[in-house]
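Notes follow once the structure below has been shown.
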Amino acid sequence: MAKLPEAKPVKFPETWTRWPMERRYLSIDWIKENIPKTHELDMSLGFVERLRNCTFRYNPTVSRGTTFHMMTALLNMMSNRWEFNVQKVDEWFEISTSHPYYQSITKQKHELVREVKEGLAHVDRAISDVELLAHDARRYREILTYFKEKDEHSLKAMFIDLVDVNLPEGVSLRSIAPRWPTIIADFMILTDEDDTVEKIQKKIKVSKAEAVVLTTKVKLYKKWKDFFGREVKDRYRRILERLYGRIRSIEEYRNWLRPLIRRVQMMREVDDSTLMMHMNFPAGAGMPFSIQHMEWWAWNKLEGLEPTEIHRAPKEIYEAKGTRALERPTVRKHEREKVVPRFRVEPYDDVVKKFIPEIEKLHGIKITKEMILEARRRLYEKGSPGTEWYVIIEIPCLVESWRTPAGIEIEDTDFNLLSSIFVTHNILLLRIIEMIAEEYKLDYYIDELLGKKVVGPDGLIHEIDDLLREEFPELYPKEEKELEPKGFAKFISDVKSSFRSTMRRILRAINYTFGLRLQLFKLGPYDPVRSERLFLTYMRPYIREIFVPKIWAFMLKNLGGV
Amino acid sequence: MPELKLKAAVSTGLFTIAHPEDLATVIRKVGYGLTRGTSAIEIAGDIPHEIDYTEGKEIRSIAEKQGVDLNLHGSLTIPFEIPEMVQFREAQDHVQKSLKSAVYGGCHYVDFHACLHFWVEMLTYVGARLEIIMCDWKGRFISEILYENDKLRKLFIEKYWDKYDSLILGEDIRAVYYRSQEEATLKARDLLETGQITEEELGVKIGEIHKELLEKYTKEELEKKMSNPLPEKRDWYHLGKLRGDYVDACWLIANYLFLVKDPIWEEMIKMYKDLMNRYKYDPNDDYWLYNAWKKAEDTGDREFKEFYYGTVSAKFLQGHLMLAAQWMSGTGIFKEQYPSLPKIIENELKMMKVPNFEEEYNELMGILKNIHIAIENPDARDPREAGRYMLWKSKQIYVAIKQTREELKKEGNPYWDKMMMLIDFEHIATQGIDPNEELADLVKNVPDVGKYIKCIHSNYPSPMHSHWPIELGDDRIYRLLWILKEAELGKHHTTYILFERGGFKDPFMLAVTALKLMIKFLEENVPPEKLPDEFYGVAPHGILSEERQWATIYYHAMDPLKGTLKVPEEEYTFLGRAAVEAGKRPEEWKKEELR
C-alpha cells in the first residue's frame with residue numbers, strides 16, 4: 001500500500017492573518033536577482049526591470065466606496081480600451097468583531113462552510129458511486145466479452161454453477177452428476193444445435209434417459225443465454241450512462257464548490273488587538289473597521305517590430321497529455337498550433353525551468369507539463385508569438401475602512417507598490433504559470449479534502465498515482481513515455497548544458513573578480529543591450545503614452561493626491 | 001388391452017437398523033408411509049409379533065380413513081429350508097406370529113423370504129443348531145419318510161448303514177456286533193479245521209467274515225427297525241436322533257422326492273432341462289440321483305447343487321405353507337389337535353373383553369379370508385455366498401408355490417389361491433446375477449408367471465443392496481417390469497409395484513413419482529424403446545419439465561451478477577431504490593420487476 005507522508009501543514013492560506021503580509025507569488029526582484037548571468041548587466045537569458053518612474057507607493061484616504069468605484073472603472077478600461085490582460089491574483093478581507101456587519105459576515109461564512117461540507121460530502125458520495133459503478137461495469141463487461149467471443153465454456157459454466165444449481169435435488173445438473181458422472185462434461189460438449197434426443201445420442205453415445213435430460217438442459221440453456229444476454233446488454237448501457245453521469249457530476253460539484261471555498265478562504269477572522277497593532281491610524285480596540293486586500297496584474301505586449309518567424313516548441317512540451325496525437329501527419333497545422341503554439345523565441349527555456357521548483361515550493365503544488373502548455377497557450381493568445389517584450393503592471397490594493405467617532409466612514413487605500421515591470425516573455429510565462437498554479441491550488445485543495453491528492457515528502461501536493469508509482473513502479477507504469485534523450489543524444493545534450501553552465505560560471509568568476517563585463521558569446525536569445533534599445537523603443541513610449549496619461553491620470557483624478 | 005391392476009407402494013423401513021423416531025412404533029411406521037403419496041404401504045416388521053390387536057385396530061382405522069392398502073413384511077429370520085425339527089418349529093412359529101400380526105393389521109398380504117441360509121454343507125455355526133434332529137417337510141422326524149418309502153430305505157441302508165447303525169439301533173448294535181463276531185470266529189475255525197486256512201490266517205479271516213456278517217446283520221436290523229409299522233418301534237435311538245446331519249437330511253429328502261417322483265421334483269427338472277441332459281437323467285434308475293450327486297460333489301458343479309438344494313428347499317417351503325394354510329383355515333392337525341388362527345383370535349378377543357365382539361371378529365375373519373402369503377426371493381445376507389443360497393431362484397420359488405397351490409387345492413383348502421410370489425430385483429442382484437437374465441429365464445419357463453406374482457420390490461438392482469431411491473426415467477427398472485408385464489403381471493389381481501426405502505437423508509426423493517410413471521406406461525402398454533419424454537419427467541406437466549425448470553431458472557437468471565456487485569440495489573435494480581423511496585417495499589418491487 002502506498003505510504004502517506006507524515007503530517008505536514010497543507011500550504012493553503014490560513015484564516016488568521018500573518019504580518020508582515022504573506023507573499024503569495026515570487027518576488028519580481030528576487031527573480032531578477034536569480035536569473036542566470038555572467039555579469040550583473042547580462043540579461044541575455046531574461047530581462048526584468050522595474051520602471052523607477054512607474055513604481056511607487058500611493059496611499060490616498062478617501063470616503064468609503066471611492067476606491068471600489070475607481071478600481072472598477074480603471075480595470076474595465078485597462079482591459080477593454082487599453083488592451084491589457086487583467087487578472088485578479090489575490091483577494092481577502094478581515095472585519096473587526098465590533099463592526100456592525102461582523103455578525104452577518106460571520107454568519108455568511110459559517111453558512112458557506114456548511115455548504116462546502118455538504119458539497120464535499122456530495123462529491124465523496126459521487127466518487128464512491130463512481131467506484132461502485134465502475135466495478136459493476138467491469139463485471140458486466142466481462143460477461144459481455146464472453147458473448148462477444150462466443151465463449152460457450154464460460155457461459156455454460158456460469159449457467160451450471162450459478163443458475164441451474166438452484167433447481168431442486170435430482171433436477172439440477174450438479175445433483176444429477178452422481179447418477180451420470182459425465183453429464184456435465186457431456187453438456188459442455190453439446191452445442192445449441194444438439195436439441196433433440198436423437199442428435200445427442202448420436203453425438204455422444206449416452207443412454208436415452210441421459211439424452212432426454214440433456215435435451216431439456218440444452219433448450220433451457222439456450223433460452224437463458226438469450227434472456228441473460230439481452231438483460232446484460234441493456235443493464236450495461238444503463239450502468240455506463242449512470243457512470244459517466246456520475247463522473248460528470250463530480251466535475252460539476254467541484255466547479256460549484258470552487259467559488260464557495262474561495263469565498264471562505266477570503267473571509268479571515270482575526271481579533272481586534274492583533275489587527276490594531278498593525279493598522280496605521282490612531283484608533284483603539286472597539287472601533288468597527290475592516291481590511292480588504294486585492295491585487296491585480298495587468299500585462300500587455302510592448303509595441304515594436306514583430307518578425308513573423310516561429311519555431312517548433314521544445315520536446316518536453318510534447319510530454320504533456322494530449323500532445324502526442326499531434327505528431328500524426330494527418331493533423332493540420334492550425335489544429336497543431338491551437339494546442340502547441342509556436343513562438344519566434346521559445347519562452348519555455350532554461351530560466352523558466354530553473355524557477356519552476358521555486359514556484360512549486362511556494363505554491364505547494366507540482367507544476368505539470370499540462371500547466372506549462374496552458375501557460376504557453378495563454379501567452380500566445382493574449383500576447384504575440386513574435387515579440388519577447390512585455391510589461392506587467394502589479395496593482396496591490398489594501399483598503400482599510402472604518403467609522404470615526406464622529407460617524408464618518410473613511411477608507412484608506414494603500415497601493416504598495418504600484419509597479420510597472422518590463423519583462424521578457426519567459427519571465428511573463430513564469431508569472432502566468434504562477435497564476436495557473438494558484439488557480440489549480442483550489443482544485444488541489446478540494447482533491448486533497450477528497451483524498452485524491454496528498455502532500456508528499458517533498459512538501460508538494462501529489463496525485464495518489466505518483467505515490468503508487470514510486471512504491472510499485474512495475475505495477476503502476478507511467479502512461480506516456482517521457483521523451484528524454486537516450487544514449488548518445490543524451491550524452492550530447494548533457495555536454496551542451498554542462499558546457500553552457502560551466503562557461504557561464506567561468507566568465508562570471510572572471511567578471512566579478514576583475515570587475516569586467518566579458519561575454520564571449522550571447523548565452524540567450526534576448527538582447528542584452530538594454531539601455532539603448534529597450535528604453536528608447538519600449539519604456540519611454542510606455543511611460544509617455546500609457547502609464548502617465550492614462551493610468552496614473554485616472555487614478556489621480558479619482559483618488560486625489562499622493 | 002385388459003386393464004392392469006397395478007398399484008404403487010412403498011415400504012416403511014425397519015426400526016432396528018438406525019432407530020429413527022419415525023419408525024419407533026407400528027402406528028408411526030404407518031404414519032410415515034402415508035406421507036409418501038402411494039395408495040399402499042408395506043409395513044416392514046422388525047419382529048414377527050409386531051402388531052397386536054390393540055395397535056392393529058388403530059392401524060386399520062387409519063388405513064380405512066386414508067384409503068390405503070396395508071401389507072406386512074413378515075419375519076426376516078425364518079429358516080424355511082432347514083431340515084431340522086427344532087428350527088422347523090421355530091420357522092412355523094414365526095410364520096404364525098407374522099400371519100396373526102398381518103390379520104390384526106388389516107394387511108392384504110404378508111411377505112416371507114424363501115430361505116434364510118446358504119447351502120447347508122457350508123453351515124458351521126451361523127445361527128443354526130450344530131446337533132440337529134433331521135425332519136421332513138411336515139416337521140416329522142426323518143424316520144417317517146424312510147418308513148414310507150421302501151426304495152429310499154433300501155438306498156439309505158445300503159449307503160449309510162455304517163454311519164447311522166449305532167445312531168438308529170443304539171445299544172441294540174451290541175447284540176449285532178457280538179453275534180456277528182461269534183459267528184465269524186466259528187466259521188473261521190471251521191475253515192481252519194478243514195485246512196482251508198492256516199493258523200496265521202485265522203485272525204484275518206475272522207476279521208473278513210466279521211465284517212461281512214456285521215454288515216449283513218446290521219442292515220437286516222436296520223431294515224427291521226425302520227420298517228416297523230409302530231412309530232415308537234421305528235423311532236431311532238434317543239441320542240442318535242440328535243446326531244443328524246444337514247447334508248444327509250437333504251440327501252434323504254432329495255432322494256425321496258426323486259424316488260416317488262414328487263410333483264415338485266417333476267416340475268423342477270423341467271426348469272433344468274439342460275442340466276438333466278448333461279447328467280443323463282434316468283427316472284428309472286434308483287441310483288441316478290446318488291451317482292449324480294457324487295459327480296457334482298467331485299466336480300463342484302454349482303448348477304447341480306443349485307437344483308438339488310432348491311428342490312429340497314422348495315419341498316420344505318411347501319410343507320411350511322401348507323401347515324400355515326391349514327392353521328389359517330382350521331383344517332388338518334389344527335382342526336382338533338391344535339388351535340387354529342381363527343380360534344386364537346377368538347380367544348384373544350374374548351380374553352380382552354373387546355366391545356362389539358361380533359363385529360370385530362367378523363372384520364378380522366374377513367381380513368383373514370382374503371390375506372395372501374407372498375414368498376420373496378431372498379437376498380444374499382453373506383455376499384461371499386452369493387448364488388449359493390438354498391432357495392433363491394425365481395423359477396424354483398415358482399415351482400414351490402405352484403405345487404403348494406395344487407396340494408392345497410386337492411385338500412380343498414380355501415387358501416390355495418392365496419399362495420403367491422414376490423420378486424425383488426435387488427435381491428436377485430445380490431445373488432450375483434443380472435435380473436434381466438433371471439427374469440428372462442423365469443418368463444421363458446413360465447410364460448404366465450404374472451398370475452402368481454403379488455408384489456414386485458422394484459428397487460434399482462444394485463448388488464450392494466443399497467435401497468437407493470428410484471430415479472426418474474430409470475428405464476432399466478421399467479424394462480424389468482416390462483418383462484413381467486408381458487408375462488401377465490397385474491392382469492389377474494391387484495399387484496403392488498413397491499419401492500423399498502433405504503436410509504439416506506431423503507430416502508424417497510422422486511421414487512414414488514418414478515414408480516407411478518412406470519405404472520402409467522405399463523398400463524398404456526408402451527414398450528421400453530418407445531417411452532416418451534413424460535417417462536423421464538420432462539413432459540410439460542412433469543416434474544422435470546422444461547417449463548417448470550424454466551420458472552426457477554428465470555427467477556435466478558441474473559444470479560451470475562448477484563453477490564459479485566457492490567451496489568446494494570442490484571438485488572432490486574437501481575430503479576428499485578426509487579421505488580422504495582416512493583413507498584414500495586423491496587419485496588414488492590422485486591416481484592414487480594420479474595413480472
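Convention: sequence-line order gives letters A, B, ...; per-chain numbering from 1.
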**Message:** For B/Leu531, is there any backbone N or O sitting under 3.5 Å from a side-chain donor or acceptor partner on A/Lys208?
**Reply:** yes
**Asked** Does atom NE2 of B/His19 have more than 12 heavy-atom neighbours from other groups under 6.0 Å away?
**Response** yes
**Message:** What I'd like to find out is whether the side chain of A/Ile143 reaches to under 4.5 Å of the side chain of B/Leu561, using heavy atoms alone.
**Reply:** yes
**Prompt:** If you draw a 6.0 Å radius around NZ in A/Lys222, do more than 12 non-hydrogen atoms from other residues or ligands fall strictly inside?
**Reply:** yes
**Asked** Within the side chain of A/Trp224, is there an N or O that forms a donor-acceptor pair under 3.5 Å with the backbone of B/Tyr554?
**Response** no
**Asked** For B/Glu524, does the CD atom have more than 12 heavy-atom neighbours from other residues, nucleotides or ligands under 6.0 Å away?
**Response** yes
**Request:** Look up atom CG in A/Leu162 and atom CG in B/Asp559, then write down how far apart they are to the nearest 0.5 Å.
**Result:** 7.0 Å
**Prompt:** Do you know which of B/Leu510, B/Asp533, B/Asp475, B/Leu472 has the most heavy-atom pairs under 4.5 Å to chain A?
**Reply:** B/Leu472
**Prompt:** NZ of B/Lys520: more than 12 outside heavy atoms within 6.0 angstrom?
**Reply:** yes
**Request:** Pick whichever of B/Glu471, B/Arg548, B/Glu529 has the most heavy-atom pairs under 4.5 Å with chain A.
**Result:** B/Glu471
**Prompt:** If you round to the nearest 0.5 Å, how far is NZ of A/Lys219 from CD of B/Glu546?
**Reply:** 5.5 Å
**Asked** Rounded to the nearest 0.5 Å, how far apart are OG1 of A/Thr216 and OH of B/Tyr536?
**Response** 11.5 Å
**Message:** Testing the basics here: between B/Gly473 and A/Ala209, what is the closest heavy-atom pair and its distance to 0.1 Å?
**Reply:** O-CB, 3.4 Å
**Exceeds 12 heavy-atom contacts within 6.0 angstrom, atom CZ of B/Phe504** = yes
**Request:** Please look at B/Asp474 and chain A and tell me whether the side chain, the backbone, both or neither of the residue comes under 4.5 angstrom of a heavy atom of that chain.
**Result:** both
**Prompt:** Heavy atoms, side chains only, cut-off 4.5 Å: are B/Ile553 and A/Phe227 in contact?
**Reply:** no
**Complete:** Rounding to 0.5 Å, atoms CD (B/Gln549) and NZ (A/Lys223) come to a distance of 10.5 Å
**Item:** Atom pair OG1/CG of B/Thr552 and A/Asp164 - distance to nearest 0.5 Å
**Value:** 9.5 Å
**Item:** Separation of B/Glu547 CD from A/Leu220 CG (nearest 0.5 Å)
**Value:** 8.5 Å
